[in-house]
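Here is the structure we will look at.
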Amino acid sequence: MLDAKFVLENKDFVVKLTADRGIAVNLDEFVRLSEEKKTLLKKSEDLRCARNKSSELVSQYKRDKKDAAALIADAKKIGDEIQQLDDEIRRLDDRVRFALLNIPNLPHESVPVGKDSADNMIVRTWGAPTVFDFAPQAHWDVGTRLGILDFDRAAKITGSRFTVYLGAGARLERALINFMLDLHTKERGFCEVLPPFIANDVSLTGTGNLPKFAGDLFKLEGYPWYLIPTAEVPLTNYYRDEVVDGGILPRRLCAYTPCFRSEAGSYGKDIRGLIRQHQFNKVEMMVFSQPDSSFEELEWMTASAEEVLKRLGIPYRVVLLCTGDMGFASQKTYDLEVWMPSRNGYMEISSCSNCGDFQARRANIRFKREPKAKPEFVHTLNGSGLAVGRTVSAILENYQQADGSVVMPERLRPYMDGLA
RNA sequence: GGAGGGAUGGCCGAGUGGACGAAGGCGGCGGUCUUGAAAACCGCUUUCCGGGUUACCGGAACGGGGGUUCGAAUCCCUCUCCCUCCGCCA
C-alpha cells in the first residue's frame with residue numbers, strides 16, 4: 001500500500017509509474033473520495049466539540065442540581081447528526097482504502113521500463129548451458145524412469161499438478177532443503193524459522209495477496225484461513241503491528257515451507273513435471289531492513305540465492321525484471337533462471353524482491369532508529385533460496401547421463417549419505 | 001468439545017456512568033544535595049489526526065468492531081487472543 005498523502009500530493013508521478021507497469025490507475029475517484037472524507041471528518045469533529053462542551057455542562061448542572069433537560073435534548077440532536085456523518089465517513093474510508101490497496105508498488109528508478117518478460121534485462125550469466133553427447137530427456141521422463149517421481153499415482157491420490165517423490169527422489173528433495181537451510185543459516189546470517197503453513201486473511205492482506213489475488217489461494221472452508229502460497233506470508237507477518245528496535249535490523253529470516261497455489265488461469269501451462277504444482281517446497285529468505293540500505297540487502301539476498309546454484313553447479317543467469325513483469329508489491333526484482341535442457345532455455349527458479357515500505361505499511365511494521373525516535377516503516381525484502389522442486393528438476397536435467405541415471409552434484413552428496 | 005476467568009500507558013496495577021488521558025508503583029528524563037556516585041527529596045514523562053510560524057486550539061485512542069446514553073475504561077452485543085479446570089488427541 002502506498003502512503004495516501006503521498007499519492008494525493010504526487011498524483012501525476014503515481015499515474016506515470018503505474019502506467020510503466022502496464023496498469024492504468026485512475027486516481028480521480030480516490031482523490032474525490034479523500035477530499036469528501038476530509039470535509040465530513042472536519043464537520044464531525046466540530047460537532048463532537050460542541051457535544052463534548054454541552055455534556056460537560058450537563059454534568060455541571062447535575063452536580064448543582066439544576067434541570068438539564070433542554071441541554072440534553074439539544075445534545076441528542078447533535079449526536080444524531082454525528083452518527084449520520086460517521087456512517088458516511090466509514091463508507092468513504094472503506095472505499096478510499098480499497099482504492100489504495102489496489103494500487104501496485106512504484107518501481108525503483110533503476111528498473112528498466114518495459115512491457116513483459118521480453119524487456120527484462122540480463123544482468124549476468126554463470127556457467128554455460130550444459131552440453132550432452134546424447135539427446136537429453138525432460139526431468140519428468142528421467143524421474144519417472146528412475147522410479148523416483150510418480151505423477152500418475154499423485155493424480156490418483158489428489159489430482160493433476162501434484163507429485164509423489166519416492167526413495168532417492170524424496171531423499172533428494174529433503175537433502176536440498178537441508179543444504180539450502182544450512183548455507184543460509186550457517187554462512188549467510190539468516191535465522192531459521194519454521195512457521196505455520198496456514199495464515200489468516202489479515203496476514204494475506206499484509207503481504208498484498210488479498211484482496212486482489214484471492215483466486216490464486218487455497219482457502220480453508222469455514223475459516224478465514226488460507227494455505228500459504230509462500231513463506232513470505234508468515235515471515236513478513238512475523239512482525240506485523242509491531243515497532244521493532246532498530247538495532248535488530250537488518251533482520252534476516254529464512255524458512256522452509258511447502259507452498260500452495262491454485263494456479264487458476266494457468267491451465268495448459270507447464271502441465272508436465274515439477275514446474276507448476278499446486279504444492280511445492282521452497283526455502284524462502286526474508287529481510288527486514290532499514291530504508292537506507294534495502295537495495296544493498298537486495299544484492300546480498302540475491303547473491304545468497306546464487307550461491308546455492310553455484311555450489312550445485314547449475315548454470316544460471318540473473319535477470320532484472322522490467323516494470324511490466326514485476327510483482328504487485330515489488331519495487332525491484334531479480335529473477336534467477338536456471339538452464340533447462342528440456343526447454344533449451346532458462347527457467348525461473350528464484351525471485352528476489354525489495355518491496356520497500358509497501359508491505360510494511362499494509363502490515364504496519366515499524367522500527368525506531370533510537371529509543372526515543374519516531375517509528376518509521378521498515379523495508380521488506382523476500383526471495384526464494386530456492387524453489388526446491390524446480391531445483392530437483394534442474395538437477396535431473398543437467399546432471400542426467402546417457403544411461404538414464406543422474407549424477408549427484410558433489411556438494412550435495414554429504415546430504416545424500418554419499419550417494420553419487 | 002464442555003465450564004469458568006481475563007485483556008487498561010514502556011512495564012506492573014487501580015478504576016462499575018460525569019472532575020478520567022486515566023490513581024499508585026516501577027522504569028526513563030531534568031533538578032536539589034554530593035568531590036563523584038548511590039540514597040533521599042522535587043518536577044516532568046503516551047500516541048495518532050486536523051488547524052495555526054511558536055506558546056496553543058480541536059478531535060480520537062483503555063484488545064478489535066458494533067450498540068445503549070446528553071456523556072462509556074466502566075453497561076449491552078460480537079469477534080480475536082490469553083489463562084485455569086475437565087474431556088480428547090500426536
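The sequence lines fix the lettering, A, B, ..., with proteins before strands; numbering per chain opens at 1. Here the structure is a predicted model, which means the values were calculated and not measured.
Here the C1' atom of nucleotide B:G18 and the CG atom of A:D64 are 13 Å apart, to the nearest Å. Spacing between atom CG of A:D93 and atom C1' of B:G65 amounts to 14 Å, rounded to whole angstrom units. In this entry the distance linking CD1 of A:I82 with C1' of B:U69 reads 13 Å, nearest Å. Summarising the geometry, the separation between CD on A:E35 and C1' on B:G50 is reported as 15 Å, rounded to the nearest angstrom. One interatomic measurement links the two molecules: NZ of A:K43 to C1' of B:G58, which rounds to 17 Å at whole-angstrom precision. In this structure, the OH atom of A:Y61 is 18 Å from the P atom of B:G71, given to the nearest Å. Rounded to whole Å, atom P of B:G59 lies 18 Å from atom CG of A:L40. Nucleotide B:G66 holds its P atom 9 Å from the CG atom of A:D86, rounded to whole Å.
Both the sub-6.0 Å distance and the 45° axial angle are satisfied by A:R361 relative to the ring of A:F377. At least one test fails for A:R145 against the ring of A:W140: distance under 6.0 Å to the centre or angle within 45° of the axis.
Distances from the side chain of A:K374 to the nucleotides B:G59, B:C48, B:G18 place B:C48 closest. Picking from B:G67, B:G59, B:G50 the nucleotide with the shortest atom distance to the side chain of A:K38 gives B:G50. Taking the side chain of A:K5 as heavy atoms from C-beta on, and the options B:G18, B:C48, B:G50, the nearest nucleotide is B:G50. Proximity note for A:R90 (side chain, C-beta onward) versus B:G67, B:G59, B:C70: the nearest is B:G67.
Comparing the same atom, P, in B:G9 and in B:A23 gives a spacing of 13 Å after rounding to whole Å. The P atoms of B:U35 and B:G25 are separated by 30 Å, rounded to the nearest whole Å. For B:C82 and B:C77, the P atoms lie 23 Å apart once the distance is rounded to whole Å. Of the P atoms belonging to B:U8 and B:U74, the separation is 14 Å, rounded to the nearest Å. Atom C1' of B:C33 sits at a distance of 9 Å from the matching atom of B:C41, rounded to the whole Å. To the nearest whole angstrom, the two C1' atoms, one in B:U16 and one in B:U68, are 16 Å apart. Look at the P atom in both B:G2 and B:G17: the space between them is 34 Å, to the nearest Å. Taking atom P on both B:C29 and B:A37, the two are 14 Å apart, rounded to the nearest angstrom.
Mapped onto RNA chain B by nearest heavy atom, A:K76 and A:L41 fall at different nucleotides, with A:L41 at the one closer to the 5' end. Toward the 5′ end of RNA chain B lies the nearest nucleotide of A:R366, the other residue of the pair A:Q83 and A:R366 mapping further downstream.
Looking only at atom types and distance, the side chain of A:Y256 has no donor-acceptor partner in the side chain of A:E284 under 3.5 Å away.
Near RNA chain B, meaning a heavy atom under 4.0 Å away, the residues from residues 49-57 of chain A are A:C49, A:R51, A:N52, A:S55.
Using a cutoff of 4.0 Å between basic side-chain nitrogens and carboxylate oxygens, A:E29 and A:R32 are scored as salt-bridged. The pair A:R369-A:D245 does not count as a salt bridge, with every side-chain nitrogen at least 4.0 angstrom from each carboxylate oxygen. A salt bridge does not link A:D325 to A:R21: none of the charged nitrogens lies less than 4.0 Å from a carboxylate oxygen. Under 4.0 Å is where a charged nitrogen must lie from a carboxylate oxygen, and between A:K42 and A:D46 at least one such pair does. With salt bridges taken as basic N to acidic carboxylate O contacts below 4.0 Å, none links A:D150 and A:K156. Residues A:K16 and A:D20 are paired through a salt bridge, judged by an N-O separation under 4.0 Å between the basic side chain and the carboxylate. Between A:R311 and A:E187, at least one side-chain nitrogen of the basic residue sits less than 4.0 Å from a carboxylate oxygen of the acidic one, meeting the salt-bridge criterion.
Secondary structure note: stems in RNA chain B built from 3 or more consecutive Watson-Crick or G-U wobble pairs under 3.5 Å occupy B:1-7 with B:80-86, B:10-12 with B:24-26, B:27-32 with B:40-45, B:46-51 with B:56-61, B:63-67 with B:75-79.
Taking 4.0 angstrom as the limit, A:K368 places none of its side-chain polar atoms (N or O) nearer than this to OP1 or OP2 of B:G10.
Across all strands shown, A:K77 has no heavy atoms under 4.0 Å from either base or sugar-phosphate atoms. Contacts of A:K62 with the nucleic acid, taken as non-hydrogen atoms under 4.0 Å apart, include base atoms.
Note that the CD atom of A:Q331 and the CG atom of A:L17 stand 10.0 Å from one another [nearest 0.5 Å].
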